[in-house]
Amino acid sequence: MQRLVKSLVAGWLAVLVLAQAAVLVFVWWIFIRTPHGQVLDASVLRASGMGRAQADGLVTVVLDAVSLASLVVATAVVAFIALVRRRLRLALVATVLVAGANLTCQVLKDYVIDRPDLGIAGTDIGAPNSMPSGHVTVAASIAVAAMLVLPPRLRGLAAILGAVYTALTGIATLSAGWHRPSDALAALLIVGIWAAAAGYLLVLGQRHEPVREPSNPHHRTVAGLALVGGAFLVVAVLAIGLADRGGLTPPVDLSRGQLAGAYVGGVSGVAGATCLALALVLSTLHRVVPDLDRPGLVETLVENLRAPATPSSGAASPAVAASSTAETATNQEN
């Protein structure tokens, strides 16, 4: 039965890799290669000043927290946690996930994807390509890696905190005028592809480990993140629908109300996609990283520290000695 479940989970993760890759291509085509997509993205970018004006301090703090140094430190901490739990394969896979997702992001942005001039005023023609977002890739990859290596009881909390952190990072890049909504969405899909691929490798490697029956699937957290994500996406569709009156109205000709709707739609879209992405990862994590049928490093150290207090086989405990003495006295009386 377990072998069948593992095969089904591995198949599902392989489907997720292919499906998210297809959606990534679709996002690229819609928002970069089509006029309407460029207009929608550029409208949010033009309205970004509204968000920065309301939370300039928060935007600065969030963006300053994401750097190459913070990525290296966070990756080292993630690997250390996995090693403390005596999960060498997990430490390697989590490290590869973070490095692979961020390397893929930079290669796509710098060498593969370009933003053509479609002749629409106000779409920042000539600006460097910004898809996918490096900041969102860093935040999402660290969040997913932390979910992988933390003990089962902490995964739900890690998913919630990771969703908040990643969503704030994506919204901050929009508010600062650094990225368009599609850039954040592409980054989430890249991390999702690497997460599914990492999960596939971990499931295949379970045949070499003493795996226990998975527990604590965090169904409530998964459902909560999915509901919140779905609600945000509904808001995004409604807000963008109010801002987009049809046609190809250049962003420079949009009213303040339309720009506000575009901004709300972009922010809600990033938040919703983030919640759904992490809910998808968490939904299979109890199968991808199940408990092992062996004590962790911390438990082993505790046992070793307590060992001297345990009576050895060659020495009798006080209770046993007292019992032996009493038995001898009774025999003598008899």
Side-chain angles (χ1 to χ4, degrees), residues 9-42 44 97-98 100-109 111-116 129-141 143-144 147 159 162-163 166-167 169-171 173-174 179-200 222 225-237 240-241 244 265-285 288:
V9 173
W12 169 245
L13 292 170
V15 169
L16 282 181
V17 171
L18 298 176
Q20 291 180 105
V23 175
L24 178 61
V25 173
F26 179 75
V27 168
W28 162 77
W29 177 264
I30 290 295
F31 290 99
I32 287 186
R33 309 300 296 187
T34 68
H36 207 145
Q38 281 199 4
V39 168
L40 289 176
D41 253 358
V44 179
L97 185 157
V98 174
N102 285 277
L103 182 60
T104 301
C105 169
Q106 296 305 318
V107 169
L108 289 178
K109 180 161 58 177
Y111 301 105
V112 178
I113 299 176
D114 64 334
R115 191 173 294 273
N129 172 60
S130 59
M131 177 186 283
S133 167
H135 280 70
V136 175
T137 304
V138 169
S141 61
V144 171
M147 291 165 60
T166 304
T169 301
I171 293 170
T173 62
L174 296 184
H179 285 287
R180 304 163 175 86
S182 62
D183 302 341
L185 181 56
L188 292 171
L189 289 167
I190 289 171
V191 174
I193 291 169
W194 276 94
Y200 183 83
V222 172
L225 285 172
L227 288 174
V228 171
F232 271 121
L233 290 182
V234 169
V235 172
V237 171
I240 292 176
D244 183 15
V267 167
S268 300
V270 170
T274 301
C275 291
L276 290 180
L278 293 190
L280 189 61
V281 173
L282 184 61
S283 66
T284 57
L285 211 53
V288 170

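This is a predicted model, so every value here is computed, not measured. FYI, side chains are in, hydrogens and waters are out, and symmetry mates aren't considered; it's all heavy atoms of this structure.
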Within residues 13-34 or reaching into it, pairs that qualify as salt bridge (charged side-chain N to carboxylate O under 4.0 Å, His left out) - sequence neighbours excluded: Arg33-Asp114
I need the minimum non-hydrogen distance between [X] and [Y], along with the two atoms involved.
{"X": "Leu185", "Y": "Ala273", "answer": "CD1-CB, 4.0 Å"}
{"X": "Leu174", "Y": "Pro181", "answer": "CD2-N, 3.5 Å"}
{"X": "Val281", "Y": "Val144", "answer": "CG1-CG1, 4.1 Å"}
{"X": "Val235", "Y": "Ser268", "answer": "CG1-OG, 3.5 Å"}
{"X": "Cys105", "Y": "Thr137", "answer": "SG-OG1, 3.5 Å"}
{"X": "Gly162", "Y": "Leu278", "answer": "C-CD1, 3.4 Å"}

Could you tabulate the donor-acceptor pairs under 3.5 Å formed by side-chain atoms of residues 13-28, not counting sequence neighbours?
from  : atom 1 : to     : atom 2 : distance (Å)
Gln20 : NE2    : Leu16  : O      : 3.2
Gln20 : NE2    : Gly192 : O      : 3.1

Side chain to side chain contact (heavy atoms under 4.5 Å, CB included) between Val138 and Thr169, worked out: CA-CA 9 Å; Val138 169; Thr169 301; over 6 Å; no
Under 3.5 Å, side chain of His179 to main-chain N/O of Ser130, donor-acceptor pair present?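 Pair found, side chain donor or acceptor close to backbone of Ser130.
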If we ignore hydrogens and angles and just use 3.5 Å, is the side chain of Asp41 paired with the main-chain N or O of Gln38 as donor and acceptor?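 Judged by distance alone, no pair lies under 3.5 Å.
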By side chain to side chain contact (heavy atoms under 4.5 Å, CB included) - contacts of Ala198 (at least two apart):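 Val93, Leu97.
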Taking the side chain as everything from C-beta on, heavy atoms only, tell me whether [X] gets closer than 4.5 Å to [Y].
{"X": "Thr166", "Y": "Val191", "value": "no"}
{"X": "Thr104", "Y": "Ile193", "value": "no"}
{"X": "Ile32", "Y": "Ser182", "value": "no"}

Any donor-acceptor pair under 3.5 Å linking the side-chain atoms of Ser141 with those of Trp194?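 The answer is no; no qualifying pair exists.
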CG-CH2 distance between Leu280 and Trp12, expressed to the nearest 0.5 angstrom: 6.5 Å
